[in-house]
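The sequence lines fix the lettering, A, B, ..., with proteins before strands; numbering per chain opens at 1.
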Amino acid sequence: MNLLYSVFVAPFVDMATSPLFLVEVVLGGIAAGLMYSLVALGFVLIFKASGVFNFAQGVMVLFAALTLVGLMERGVPVVLALVLTGGVMVLLAFAIERLVLRPLINQAHIILFMATIGLNFFLEGFGEMVWGANVKKLDIGIPDRSLLVAGVQVNQLEMSAAATAGVLVALLAVFFQRTRVGRALRAVADDHEAALSLGISLKTIWVIVWSVAGLVAIVAGVMWGAKSGVQFSLSLIALKALPVLILGGFESVSGAIVGGLIIGVGEKIGEVYWGPLVGGAIENWFAYVLALVFLLFRPQGLFGEKIIERV
Amino acid sequence: MIYREAGQFKTSYAADEAIFPIIQDRWFVGLAVTAAVLIPPLAANEYWLQAILIPFLVYALAAIGLNLLTGYAGQLSLGTGGFMAVGAYAAFKIATALPWLNILAVFVLAGGIAAGVGLLFGIPSLRIKGFYLAVATLASQFFLIWLFNKVPWFVNYASSGTITAPPRTVLGVMVTGPEATAQARYLVAFSLVALFALVAKNLVRGRLGRAWMAIRDRDIAAEIIGIRPLPTKLLAFGISSFYCGVAGAALVFLYLGSAETQAFDINISFLVLFMIIIGGLGSILGSILGAAFIVLVPIFLTNAPHLVGLSLPVALLKQIELMIFGALIVFFLIVEPHGLARLWQLTKEKLRLWPFPY
């Protein structure tokens with residue numbers, strides 16, 4: 001009885017008695033969720049255009065952040081460092097397309113997935129070899145402290161991350177809907193063969209889409225790096241982004257955002273209100289279970305393409 | 001010339017359906033098994049047995065288990081580490097609670113418990129497919145590891161949080177615990193792998209294996225020809241988890257001696273997945289070859305600089321190792337996406353015609 005009370009009643013009583021605290025928790029969840037979305041976006045872009053489940057996205061985030069910090073440590077001004085990092089990510093996209101994707105064309109999805117895990121190992125070793133393995137601080141001029149807005153604690157860094165994510169999504173939406181390249185990308189995502197027959201070069205599209213994913217990785221790397229320092233564990237956020245990805249659907253940009261919000265808020269609320277009941281530290285698996293519950297009702301994620309099965 | 005089947009007529013269905021229908025294959029396998037039983041315990045030193053052969057056998061067992069699920073039944077799983085952990089902790093609990101029980105029975109019981117957990121986590125597979133399922137199985141990985149970390153009952157309230165293999169004997173010979181010789185542990189591990197590989201081979205040749213392959217190739221078509229997806233998929237999860245559970249128990253009892261949950265983290269899941277992909281999806285032999293490859297490559301990479309007389313700082317070495325390992329995986333996928341088992345098959349085809357290819 002006591003147990004039932006503490007599971008089903010007490011948390012809601014807590015929420016009702018201190019609504020401001022609830023708002024803080026939800027806001028924190030939204031911010032954290034958008035940070036996950038930033039990583040999940042990279043996955044979605046690549047999956048949409050090439051059907052590759054790119055496990056290396058997390059390491060690409062780490063690699064981008066390492067490159068940026070490494071350049072800044074050597075006295076390169078911020079703007080130039082950002083541009084150079086962007087250049088490095090584009091080069092990386094070219095290399096990946098030429099060395100990994102092109103030879104593996106027409107292979108089963110799982111083979112490509114494995115190849116990106118191999119890429120994951122490679123980039124991890126390469127990044128640390130070039131830039132060193134110690135923890136680095138990334139200072140982008142936004143202090144990581146809380147402000148009191150209308151009685152609610154708000155973290156400045158998290159809010160700017162949220163704003164960045166919003167801007168990024170808007171930019172991507174414009175890019176996909178309004179530009180020539182964006183239309184070509186959507187055509188490829190829709191039907192490879194039809195796109196090819198219209199004269200769209202798949203190779204170019206892949207380079208573009210991996211470059212865009214690389215640029216998104218820079219943004220994610222800057223935000224995560226400013227929050228928790230640039231270090232190896234940064235690549236593990238890929239594991240945080242996966243539940244977001246399956247919740248939102250592999251093919252949907254808006255799914256990545258909504259999924260991120262649901263996971264972020266759900267995780268924070270679960271941890272604050274139900275976590276103590278089971279001894280805490282549930283953040284490792286709670287997101288997965290949450291996503292799993294959604295998947296049982298919509299097996300392709302909230303915004304994923306409906307799976308039409310036929311023999 | 002040597003390897004040809006001309007003149008070997010089959011006069012019964014049993015002969016036609018044999019696992020190794022060609023007499024040379026039977027000889028080869030018989031010799032290989034005899035050699036594996038006799039040579040390493042006599043000739044190999046402690047380092048070879050402990051650092052290479054025993055982990056290879058343990059991982060081979062896990063790889064066979066995952067191959068049943070992913071290679072034959074087509075259900076991509078990233079929860080291998082979690083299921084191995086279930087086997088290890090279950091074996092520890094059973095072995096310490098029932099000290100009189102034979103350790104081999106403990107392994108089987110632990111596998112059974114892992115199978116039960118696998119069944120439970122296999123339930124979503126009915127609705128969720130492909131990469132969605134792969135990510136969903138990560139839930140089991142993270143949840144199980146968290147559970148074993150959080151609940152002290154699983155480690156018998158040991159303050160260190162580690163499980164340690166208690167000393168046990170088989171036929172009067174110490175096989176687990178600190179006093180067991182590497183030779184004894186090697187032989188137990190080898191018998192486990194040989195026995196379970198044989199069982200797996202027969203499973204996939206039988207009704208169940210064909211049902212799995214039908215589900216893998218086109219699940220709706222399989223359903224239409226009368227294969228019930230739920231029991232088939234669940235059995236795949238259960239049996240695969242049984243293998244992984246036994247492998248997890250063997251990992252702690254025969255190889256590591258004592259372990260924490262870190263021994264079963266997500267990297268193990270990826271490692272075993274690498275083994276079956278490099279070895280060959282849908283092949284028992286491939287699982288074993290893949291395990292050998294993945295166990296040997298890092299050891300080779302660690303030792304290679306010493307061999308050529310190069311001395312590099314440890315951190316740099318580790319990073320180069322990672323890079324080469326990653327590059328090798330990509331290279332292998334490009335050169336032979338069907339794995340080592342396919343290479344073996346091609347070799348046999350060539351050998352049949354050799355030395356008169358026309």
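The nearest pair of heavy atoms linking Ile334(B) to Leu99(A) is CD1-O, 3.4 Å. Leu104(A) and Leu333(B) get closest at one heavy-atom pair: CD2-O, 3.6 Å. Nearest approach of Ala139(B) to Val289(A), heavy atoms of both residues: CB-N, 4.5 Å. Heavy-atom minimum distance, Arg127(B) versus Leu295(A): NE-O, 4.5 Å. Closest of all the heavy-atom pairs between Met129(A) and Gln319(B) is CA-OE1, 3.2 Å.
Counted within 6.0 Å of CD on Gln262(B), heavy atoms from surrounding residues, nucleotides or ligands total 12 or fewer; the atom is thus considered open. The environment of CZ in Arg228(B) is sparse: at most 12 heavy-atom neighbours from other residues, nucleotides or ligands sit within 6.0 Å. More than 12 heavy-atom neighbours from other residues, nucleotides or ligands sit within 6.0 angstrom of CZ on Phe154(B). For Phe331(B), the CZ atom is loosely surrounded, since the number of other residues' heavy atoms within 6.0 Å does not exceed 12.
Ring geometry, Phe325(B) versus Phe121(A): the interplanar angle exceeds 60°, so the pair is classed perpendicular (tilted spans 30 to 60°).
If you take OG1 on Thr137(B) and OH on Tyr288(A), they are separated by 9.5 Å, rounding to the nearest 0.5 Å. For the atom pair CD1 of Ile246(A) and CG of Leu138(B), the computed distance is 8.0 Å after rounding to the nearest 0.5 Å. A distance of 8.0 Å separates CD1 of Ile329(B) from CE of Met114(A), quoted to the nearest 0.5 Å. To the nearest 0.5 angstrom, Ile110(A) atom CD1 is 4.5 Å from Leu76(B) atom CG. Of the inter-residue distances, the one linking Tyr132(B) atom OH with Leu247(A) atom CG reads 10.0 Å to the nearest 0.5 angstrom.
The greatest number of non-hydrogen atom pairs below 4.5 Å with chain B, out of Phe55(A), Phe126(A), Phe53(A), is found for Phe53(A). Contact count versus chain B (heavy atoms, under 4.5 Å) is highest, among Pro243(A), Gly118(A), Pro103(A), Gly127(A), for Gly118(A). In terms of heavy-atom pairs under 4.5 Å with chain A, the best-connected choice from Ile128(B), Val330(B), Val135(B) is Val135(B).
If you measure heavy-atom distances from Ser140(B) to chain A, you find no contacts under 4.5 Å at all. Looking at Ala291(A), there are no atoms closer than 4.5 Å to chain B (heavy atoms on both sides), in backbone or side chain. In this structure, the portions of Phe131(B) lying under 4.5 Å from any heavy atom of chain A include both its backbone and its side chain. Using a 4.5 Å cut-off between heavy atoms, Phe286(A) makes no contact with chain B at all. The parts of Leu296(A) that come within reach of chain B are both its backbone and its side chain, each placing non-hydrogen atoms under 4.5 angstrom from that chain.
Residue-level contacts of residues 274-283 of chain B with chain A, in order of numbering, are Phe274(B), Ile277(B), Leu281(B); threshold 4.5 Å between heavy atoms.
Leu273(B) places a side-chain heavy atom less than 4.5 Å from the side chain of Phe113(A).
Every residue was checked against the salt bridge (charged side-chain N to carboxylate O under 4.0 Å, His left out) condition with Lys268(A), not counting sequence neighbours, and none meets it.
Note: Trp285(A) and Phe142(B) fail the aromatic proximity criterion, with ring centroids not under 6.0 Å apart.
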